[in-house]
Amino acid sequence: MGDIVETVTPYKEIIDVIKEKGGDSLKYCYQCGLCDSVCPWNRVRQFSMRKIVRQGTFGLTEIEQEDIWRCSTCGTCPSRCPRGVNQIEAGVAMRRIGAEYDVYPGHVGTIRNVVASLTSEGNSLGGDRTQRGDWANDLPVKPYAEGMELLYFTGCYLSYDPRMRKVAAATAAILNKAGVDFGILGSKESCCGESIRKTGNEELFKRLAKENIKQFIDNGVKKVLVSSPHCYHTFMNEYPEFKVNFEVVFISQYIGQLINEGRLTITGEFPKTVTYHDPCYLGRHNGIYDEPRDVLKKVPGLELLEMADNRETSLCCGGGGGRIWMETPKEERFADLRLRQAVDVGATVLATSCPYCITNFTDSSLDLADHEKVEVKDLAEIILEVI
């Protein structure tokens with residue numbers, strides 16, 4: 001074995017970083033352990049958020065341990081904590097120390113490549129910045145121009161990932177069908193920065209956010225439409241830190257609005273049993289539960305079923321908090337459990353609205369037996385089939 005390099009951080013510094021990040025709520029923790037009992041990790045392995053909070057309280061964080069990187073920031077434990085402790089903010093504060101010293105242990109090491117790609121190309125998937133708008137090359141999609149109804153902020157996965165590009169195309173088709181005057185920024189768009197911030201890299205988040213804000217201002221953007229809950233969350237709740245304010249709308253909300261205004265008409269049927277998965281950053285973090293279901297209920301022939309864990313108790317796919325970029329052993333994947341819940345409720349289609357969820361669920365669906373096959377679809381793809 002090679003030399004083990006230990007990064008020693010003074011206890012006071014750890015506590016100061018946690019306080020500065022807003023993780024001062026740690027001091028209210030009285031170690032009841034409720035966070036451990038609701039954490040999805042404890043369905044697949046042993047993991048103690050309570051222990052991490054305890055270590056943070058005393059400044060005893062071991063940044064070389066993978067456990068501080070395990071949290072998927074799903075939001076389940078802060079919403080249940082009887083003392084108002086925000087475990088996510090505290091955990092991210094600890095990660096900030098790791099990011100500062102470039103300490104990414106074990107499976108977390110892949111973050112270095114993501115940081116490099118975000119820094120040089122503005123996306124997390126290693127794609128060329130000049131190709132960010134290529135998904136729209138053969139489609140009736142225009143570059144954004146001032147005065148348009150809205151900017152469609154496509155996001156990294158929908159711009160580069162082959163599976164998710166289909167969702168971007170479906171979204172553009174819906175907007176065109178409804179007569180929406182929209183455009184995209186293409187190569188001028190950068191990653192929203194939400195997930196890299198959750199890995200503790202505050203500096204890179206700020207750089208990405210400022211690049212996007214500059215483009216929004218320079219191009220006269222007033223209203224932004226997004227397909228990723230992570231983009232939605234950071235635009236709604238984090239970009240205002242930079243004293244800017246844009247109207248942000250999520251695709252499932254917007255589709256509902258277009259239908260209600262009569263701009264979009266459902267003419268076809270979707271005769272399948274569908275279950276809807278609430279993405280963490282749409283549901284628990286932003287309270288959007290009804291709009292996607294309301295849209296699905298408008299589709300003739302569609303039977304909507306609810307899984308065992310739904311709405312506020314929705315089971316995380318495992319992709320938040322930067323986990324989408326880390327390797328998770330097969331036996332520890334929440335997405336496998338979620339697919340099993342979809343099968344158990346009798347669904348043939350698992351619908352959701354998040355690139356991380358779709359990526360993880362699609363991987364997990366490959367392991368289902370033929371008689372259990374569940375199709376993973378974005379809500380926009382279902383709507384495109386019936387308009």
Side-chain angles (χ1 to χ4, degrees), residues 123 132-133 135-136 139-161 164-194 208-209 211-213 215-240 244-264 279 281-283 285-288 290-292 294-295 351-358 378-384 387:
N123 70 84
R132 193 173 182 105
W135 66 270
L139 304 172
V141 175
K142 302 175 218 165
Y144 183 83
E146 191 163 356
M148 281 183 168
E149 203 171 335
L150 58 79
L151 165 70
Y152 177 36
F153 188 95
T154 318
C156 297
Y157 272 73
L158 278 78
S159 295
Y160 292 102
D161 180 78
M164 295 311 302
R165 277 181 161 194
K166 294 176 184 175
V167 178
T171 304
I174 290 169
L175 296 176
N176 280 320
K177 186 88 171 177
V180 178
D181 184 22
F182 76 99
I184 62 171
L185 288 175
S187 61
K188 294 187 285 187
E189 177 183 296
S190 296
C191 176
C192 70
E194 184 279 324
L208 292 164
E211 284 175 11
N212 280 323
I213 289 166
Q215 290 298 335
F216 291 174
I217 292 170
D218 288 352
N219 289 278
V221 174
K222 298 283 190 292
K223 186 172 183 177
V224 184
L225 173 72
V226 292
S227 291
S228 169
H230 297 270
C231 299
Y232 182 82
H233 178 79
T234 201
F235 290 167
M236 282 289 286
N237 306 311
E238 297 180 334
Y239 277 30
V244 291
N245 197 21
F246 308 98
E247 185 183 352
V248 186
V249 62
F250 192 74
I251 184 62
S252 53
Q253 291 176 312
Y254 196 58
I255 289 172
Q257 186 184 323
L258 291 172
I259 293 170
N260 292 338
E261 290 173 358
R263 297 176 70 181
L264 202 60
Y281 274 78
L282 198 60
H285 285 283
N286 286 288
I288 298 174
D290 293 327
E291 292 98 319
D294 291 344
V295 167
T352 189
S353 291
C354 174
Y356 295 174
C357 297
I358 289 174
D378 188 278
L379 184 141
E381 293 176 308
I382 293 175
I383 296 305
L384 182 60
I387 57 172

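None of these values were measured; they are calculated from a predicted model.
Atom CD1 of Ile387 is separated from atom CD1 of Ile382 by 12.5 Å, given to the nearest 0.5 angstrom. Atom CG of residue Leu185 and atom OH of residue Tyr144 lie 8.5 Å apart, to the nearest 0.5 angstrom. The OH atom of Tyr157 lies 10.0 Å from the SG atom of Cys354; values are rounded to the nearest 0.5 Å. From Lys177, atom NZ reaches atom CD1 of Ile174 across 11.0 Å, with rounding to the nearest 0.5 Å. Note: Ile358 CD1 to Ser353 OG = 7.0 Å, rounded to the nearest 0.5 Å.
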Working for ring pair (Phe, Tyr, Trp, His ring centres under 6.0 Å), residues Phe250 and Phe235: CA-CA 11 Å; Phe250 192 74; Phe235 290 167; over 10 Å; no

Tyr152 and Ser227: CA distance, side-chain angles, deciding distance, side chain to side chain donor-acceptor pair (under 3.5 Å) verdict: CA-CA 9 Å; Tyr152 177 36; Ser227 291; 2.8 Å; yes

Phe153 and Leu225: CA distance, side-chain angles, deciding distance, side chain to side chain contact (heavy atoms under 4.5 Å, CB included) verdict: CA-CA 6 Å; Phe153 188 95; Leu225 173 72; over 6 Å; no

From CA spacing to verdict: side chain to side chain contact (heavy atoms under 4.5 Å, CB included), Thr352, Asp378: CA-CA 5 Å; Thr352 189; Asp378 188 278; 5.9 Å; no

Stepwise side chain to side chain contact (heavy atoms under 4.5 Å, CB included) check, Val224 with Phe216: CA-CA 9 Å; Val224 184; Phe216 291 174; 4.3 Å; yes

Step-by-step side chain to side chain contact (heavy atoms under 4.5 Å, CB included) determination, Asn123 to Arg132: CA-CA 9 Å; Asn123 70 84; Arg132 193 173 182 105; 3.5 Å; yes

Side chain to side chain donor-acceptor pair (under 3.5 Å) evaluation trace for Glu261 with Gln257: CA-CA 6 Å; Glu261 290 173 358; Gln257 186 184 323; 3.2 Å; yes

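The two atoms that bring Met164 and Leu158 nearest to each other are O-CG, 3.6 Å, heavy atoms only. Pairing each heavy atom of Leu151 with each of Gly183, the nearest pair is CD1-O, 3.4 Å. Shown here for Gly193 and Leu208, the closest heavy-atom pair between the two residues is CA-CD1, 3.9 Å. Closest non-hydrogen pair, Ser252 versus Leu282, comes out as OG-CD2, 4.4 Å.
Using cut-offs of 30° and 60° on the angle between ring planes, the pair Tyr356 and His230 is tilted.
Contact check for Ile251 versus Leu379: no side-chain heavy atoms found under the 4.5 Å cut-off. Side-chain contact check for Ile288 versus Gln253: some heavy-atom pair is nearer than 4.5 Å. Using a 4.5 Å heavy-atom cutoff, the side chains of Thr171 and Leu384 are not in contact. Side-chain atoms of Tyr281 and Thr234, non-hydrogen and from C-beta on, never get closer than 4.5 Å to each other. Looking only at side-chain heavy atoms (C-beta outward), Leu150 and Tyr254 come within less than 4.5 Å of each other. Taking the side chain as every heavy atom from C-beta outward, Pro355 and Val167 never approach each other to under 4.5 Å. Between Cys156 and Cys192 the shortest side-chain heavy-atom distance does not fall below 4.5 Å. Here the side chains of Asn219 and Lys188 are in contact, with some heavy-atom distance below 4.5 Å.
Ser190 and Glu211 form a side-chain donor-acceptor contact under 3.5 Å, judged by distance and modelled atom types alone.
Take Asn245 and apply the side chain to side chain donor-acceptor pair (under 3.5 Å) test, not counting sequence neighbours, and it matches no residue.
At least one donor-acceptor pair closer than 3.5 Å links the side chain of Arg165 to the backbone N or O of Ser159. Under the 3.5 Å distance criterion, the side-chain polar atoms of Glu189 are matched with a main-chain donor or acceptor of Gly155.
Between Lys223 and Glu146, no side-chain nitrogen of the basic residue sits less than 4.0 Å from a carboxylate oxygen of the acidic one, so the salt-bridge criterion is not met.
Residues Phe246 and Tyr239 place their aromatic rings such that the two centres sit no closer than 6.0 Å.
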